[in-house]
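To start, the structure under review is shown below, and the notes come after it.
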Amino acid sequence: MALQPWRTGLVTQIIDETPNTKRFRIRIPELEHFDFQPGQFVTLDLPIHEKPNKRWRSYSIASWPDGTNEFELVIVLNSSGAGTPWMWEHVQVGTELTLRGPQGVFTLPDTIDTDLFFICTGTGIAPFRSKANYILRNNLPHKNIYLIFGTRKKEDLLYYEELTHLHEQYESFHYYPTLSRELWNGHTGYVHNVYEALLKDKQDARFYLCGWRAMLDETKKRILELGYDKKTIHQEIYG
């Protein structure tokens, strides 16, 4: 895949999604269409260090291809880092950002002929929001989609109302938010109990995992122990 050039992006909207997470809508004025595949990412070059590799921060695209030159990133504040504190302090509507993309191969198969399990924590939900909306809105042939999203508290649930609406609107889309630090009327605990219960009949499935390495490693181990081939597991690590 050819490396994309650096371009200028213009921030058009900022939404406080949770107490420590923001959604950034970005337009690329020089392009009529920003073409990407659901699951890809962009890299921002932030003015936080002299060395380029110390300035670059990569984020999965949280929106889906819609024929425009805009896309969305959902970013969590890492107060001990350098990148996101700078963004929280300096980026506002109208700010120009240097970016490169799309990049990455964490994408959908050409033919969706099995159930899809999207398993994630935190902002690892970004590529799955993109994929699910793209499949459903374009009525692509597919079977069941299971989005299993783990976080600590209800206030940390990203895109909760939107994904709940998709769950109610599409019979094939199943949304399972689960909280590890708070009791509520939904699933509690970690994501593992949820997907293991859904896989009790060992149906044909393809797995996409996104989040912190510890979650990915544990999930991959458990899926293999259920008897699935490692070729059915695709993952993207962040952090």
Side-chain angles (χ1 to χ4, degrees), residues 1-18 20-110 120 122-134 137-138 158-159 208-213 216 234-239:
M1 181 181 297
L3 192 63
Q4 296 292 321
W6 291 101
R7 304 183 189 277
T8 297
L10 181 70
V11 177
T12 60
Q13 186 181 28
I14 301 174
I15 299 171
D16 293 322
E17 179 70 3
T18 73
N20 65 343
T21 308
K22 294 181 183 289
R23 297 163 57 181
F24 296 87
R25 293 287 301 181
I26 302 172
R27 177 188 303 140
I28 304 182
E30 69 184 84
L31 298 178
E32 184 176 352
H33 310 288
F34 180 64
D35 297 320
F36 64 94
Q37 296 182 57
Q40 291 189 301
F41 64 89
V42 297
T43 299
L44 305 183
D45 186 357
L46 304 175
I48 55 176
H49 201 278
E50 295 178 355
K51 296 181 179 180
N53 65 343
K54 298 288 188 179
R55 299 196 305 261
W56 296 346
R57 300 291 188 273
S58 295
Y59 301 101
S60 293
I61 301 170
S63 52
W64 51 95
D66 61 3
T68 72
N69 61 353
E70 287 199 13
F71 64 92
E72 180 172 313
L73 303 178
V74 59
I75 300 176
V76 63
L77 175 64
N78 176 9
S79 57
S80 63
T84 53
W86 182 89
M87 293 187 69
W88 258 238
E89 182 176 352
H90 296 284
V91 176
Q92 55 190 331
V93 172
T95 297
E96 291 185 343
L97 296 172
T98 300
L99 59 90
R100 182 167 65 190
Q103 300 167 265
V105 295
F106 190 59
T107 53
L108 291 166
D110 293 334
C120 56
T123 52
I125 198 172
F128 302 142
R129 180 198 185 223
S130 177
K131 291 177 180 181
N133 274 283
Y134 182 72
R137 291 171 182 270
N138 290 283
L158 302 170
Y159 303 112
Y208 292 83
L209 322 177
C210 190
W212 295 108
R213 180 180 291 275
L216 268 60
H234 313 271
Q235 64 182 37
E236 185 123 297
I237 301 169
Y238 71 74

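Numbers for residues simply follow the sequence, beginning at 1. It should be emphasised that the depicted structure is a prediction, and the values quoted were computed from it without experimental measurement.
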| field | Euclidean distance, Leu216 CG relative to Cys210 SG, rounded to 0.5 Å | value | 7.0 Å

| remark: Nearest heavy-atom approach of Arg57 to Ala82 is NH2-CB, 4.0 Å

| Under 4.5 Å between any side-chain heavy atoms of Trp64 and Asn138, yes or no? | no

| said: Between Ile28 and Leu99, is the side chain to side chain contact (heavy atoms under 4.5 Å, CB included) condition met? List the steps. | reply: CA-CA 9 Å; Ile28 304 182; Leu99 59 90; 3.9 Å; yes

| Considering residues, nucleotides and ligands other than Asp110, do more than 12 of their heavy atoms fall under 6.0 Å from its CG? | no

| query | Between Tyr208 and His234, what is the ring plane arrangement, given parallel below 30°, perpendicular above 60°, and tilted in between? | reply | parallel

| To the nearest 0.5 Å, how far apart are CD in Glu236 and CZ in Phe128? | 8.5 Å

| said: Can you give me the closest heavy-atom contact between Phe106 and Pro127, atom names plus distance? | reply: CE2-CG, 4.0 Å

| field | All side-chain hydrogen bond (donor to acceptor under 3.5 Å, both in side chains) counterparts of Arg213, not counting sequence neighbours | value | none

| task | Could you tell me whether the side chain of Arg129 and the main chain of Ala62 form a donor-acceptor pair under 3.5 Å? | result | yes

| field | Leu108 backbone acceptor or donor facing Gln37 side chain under 3.5 Å | value | no

| request: Would you mind reporting whether Thr107 and Gln40 have side-chain heavy atoms less than 4.5 Å apart? | output: yes

| 4.5 Å side-chain heavy-atom contact, Pro65 and Pro38 | yes

| Is the number of heavy atoms from other residues, nucleotides or ligands within 6.0 Å of CD (Glu32) greater than 12? | no

| Can you find a pair of side-chain heavy atoms, one from Lys22 and one from Asp16, that are under 4.5 Å apart? | yes

| Student check: side-chain heavy atoms of Gln13 and Glu70 closer than 4.5 Å | no

| task | State the CZ-CZ distance between Phe71 and Phe24, to the nearest 0.5 angstrom. | result | 11.5 Å

| Heavy-atom check, side chain of Thr123 versus side chain of Ile75, under 4.5 Å | no

| field | Nearest heavy atoms of Pro102 and Ile61, plus distance in Å | value | CB-CD1, 4.5 Å

Side-chain donor-acceptor distances from residues 84-95 under 3.5 Å, at least two apart:
unit_1, atom_1, unit_2, atom_2, d
Thr84, OG1, Asn78, N, 2.8
Thr84, OG1, Asn78, O, 3.3
Thr95, OG1, Gln92, N, 2.9
Thr95, OG1, Gln92, O, 3.0

| message | Under a 3.5 Å distance rule, please check whether His49 uses its side chain to pair with a backbone N or O of Lys51 as donor and acceptor. | response | yes

| query | Looking at Ile26, Leu73, Val42, which hits side-chain contact (heavy atoms from CB on, under 4.5 Å) with Leu97? | reply | Ile26

| query | OH of Tyr159 to CD of Glu72: how many Å apart, nearest 0.5 Å? | reply | 3.5 Å

| said: Any non-hydrogen side-chain atom of Leu3 less than 4.5 Å from a side-chain atom of Arg100? | reply: yes

| query | Quick check: does any side chain N or O of Ser130 sit under 3.5 Å from a backbone N or O of Ser63, one acting as donor and the other as acceptor? | reply | yes

| query | Do Thr43 and Asp45 meet the criterion of a side-chain donor-acceptor pair at a distance under 3.5 Å? | reply | no

| message | How long is the straight-line distance from CZ of Arg27 back to OG1 of Thr12, given to the nearest 0.5 Å? | response | 5.5 Å

